[in-house]
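One structure below.
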Amino acid sequence: MKQVVLLGSTGSIGTSTIKVAKDLPDRIRLIGLAAGRNVDLLRDQANQLQPTMIGMADSSSIDQLRQGLEPEIETVFGQDGLIQLATLPEADIVLIAIVGIAGLEPALAAIRAGKDIAVASKEILVMAGELVMQEAARYGVRVLAVDSEHSAIFQCLEDKPESSVRSLWLTASGGPFRMLDKEAFDAITLEQALQHPSWVMGRKITIDSATMFNKGLEMIEARWLFNIGMDRVKVIVHPQSVVHSLVEFCDGSMIAQLSTPDMCLPIQYALTYPDRVSSDRVQTDLATIGSLTFQAPDEDRFPALKLARQAGLTCGTMPAVLNAANEVAVEAFCDRLVAFNDIWRMVSEVMGVHEVVPHPTLEQILAADQWARHCATDWVTQHGRSN
Ligand code: NDP
C-alpha cells in the first residue's frame, strides 16, 4: 500500500490520479490533497477519499471549504500548507500536478523529508532540474515521471546506463497546427489553439502543445530526469500519439512504449513502481489503429523547439526564464492580448536579454523567474493589443 499526497487534485492529472487510486484501493491511499480554487470539488474529493489533510491555495476559501467537510480532515493553505502536505510523516510519495511554479518548493521539501516524488508539473524539472536531481540523489529518493513521454522513456530504459543510450526520442502529436502554413500562424485564434487532436488536458498545457513549447519543456525535463546531454534529446512528430516515446540504444536498437493515449497509465506506473499492476483501462488495438507515422518537426514554424534546445544547452537560470516568459505569454494569448506567434517572439526576446546564472540556487532560480515575468509583462504592455 502506497500512501500518496496529491498536489493539484482538482485538475486534469489530479482527477485521473483519483480514478487510478479508486481502481487500486489495495495499493494506493490518498492521504493528502491540494487544490487552487475549486473548493466544491476538493471538498467532495476529501469527503469521499478521507485524506488526513487537504490544502487550498489561499486562506480566503478555507471557511467555505470547511462547510460540509468531514470534521476530522485537517485544512491548510498557501505554500506553507503545500509544504506541510508534501512532508506528511506517513506519506511515501508525493505526486505534483500543479500548473506553474507553486509545486517547486513542496517538491524540494518532500525530497528533503525522504519522500519519493512523482512529477507531472514539468516546470519543476525545467526550472530547477539540476537542483532537484542533486537533492534527490543526496536524500536517496526517486523522481518518477508522470508525463507520458518520460514515463515511456523510463519504461524503455529499464535502468540501462546513460552510456548505452545514443538518443532519447520524445514523440509529439504536432498539435492542431501540424499541417498549417507558416503564413496562417499569426491569425490562429484561442479557440483553435485549445483544440488538441489527441489529449484532453488543462488549458496551459493545451496551448503549449499547440506552440510546441510543451515538447520544448519536455526536452529539458528529459535532460535532467535521465541525466543525458541536451544534444541527445530529440523530437519526432507522431500524430497518432500511440508511441509515447523511444530510446535509441548505442547498438542502433530502438525500444518504444505504445498504448492508446490515457494519462491513467503513466500515473499508475509511477504510483505502483517498481510493480506493474493489472488494469483494464487501456486496451490498444493495433489492427484498428492501422498505421503509425513519423515526421521530422518543423522548427521554422515551431521555433519553441529551437528556443528550448538553446535554453537546455545554456542551462543555469535560462530554462527558468524560458518557462516564466512562456507562462506570461500564454496567459496574454488566452486574454487575447497577443497573437499566437507572439508567444515564441516574447520568449525569444526575454531570453535574449537574460544574464545567465550558472548552477543557480533556489533563490537565484526564483529571482530569474520573477525577472522574466516582469520582462515579459513589459513586452505585453508595449506590444499587446490593448495598446
Ligand atoms: P490543470 O489546470 O487541469 O490542473 C492544475 C491543478 O493545480 C488544479 O488542481 C489546480 O486547482 C491546482 N493548483 C493551481 N494552483 C495551485 C496552488 N497554488 N496550490 C494548490 N493547487 C493549485 O492542469 P493539468 O492537470 O493539465 O496539469 C498539471 C501539471 O501536469 C502541469 O504542469 C502540466 O504541464 C503537467 N502535465 C499535464 C498533463 C495532462 O495530460 N494534463 C500531461 C503531462 C504533464 P484548481 O483547479 O482548484 O484551481
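Atoms within each ligand, like the ligands themselves, are counted from 1 in listed order. For the numbers below, each heavy atom of this structure counts, side chains included, while hydrogens, waters and symmetry mates do not.
Side-chain atoms of E218 and N214 form a donor-acceptor pair, as typed in the model, at a separation below 3.5 Å.
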What are the polar N/O contacts of ligand 1 with the protein below 3.5 Å, with distances?
unit_1, atom_1, unit_2, atom_2, d
ligand 1, 3 (O), S12, N, 2.8
ligand 1, 9 (O), G8, O, 3.3
ligand 1, 9 (O), T10, N, 3.1
ligand 1, 9 (O), T10, OG1, 2.7
ligand 1, 9 (O), G11, N, 2.9
ligand 1, 11 (O), T10, OG1, 3.0
ligand 1, 11 (O), G36, N, 2.8
ligand 1, 21 (N), A35, O, 3.3
ligand 1, 21 (N), G36, N, 3.3
ligand 1, 25 (O), S12, N, 3.2
ligand 1, 25 (O), I13, N, 2.9
ligand 1, 26 (O), G202, N, 3.1
ligand 1, 30 (O), A120, O, 3.4
ligand 1, 32 (O), E123, OE1, 2.9
ligand 1, 32 (O), E123, OE2, 3.4
ligand 1, 41 (N), S12, OG, 3.2
ligand 1, 46 (O), T10, OG1, 3.1
ligand 1, 47 (O), T10, OG1, 2.8
ligand 1, 47 (O), G36, N, 3.1
ligand 1, 47 (O), R37, N, 3.0
ligand 1, 47 (O), N38, N, 2.8
ligand 1, 48 (O), R37, N, 2.9

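Between the side chain of T87 and the backbone N or O of A109, no donor-acceptor pair lies under 3.5 Å. Between the side chain of D342 and the backbone N or O of A339, at least one donor-acceptor pair lies under 3.5 Å.
The shortest heavy-atom contact between E221 and K122 is OE1-CB, 3.3 Å.
In this structure, W379 and H383 have tilted ring planes: the angle between them lies in the 30° to 60° band. Ring geometry for F185 versus F302: interplanar angle over 60°, hence perpendicular rather than tilted (30 to 60°).
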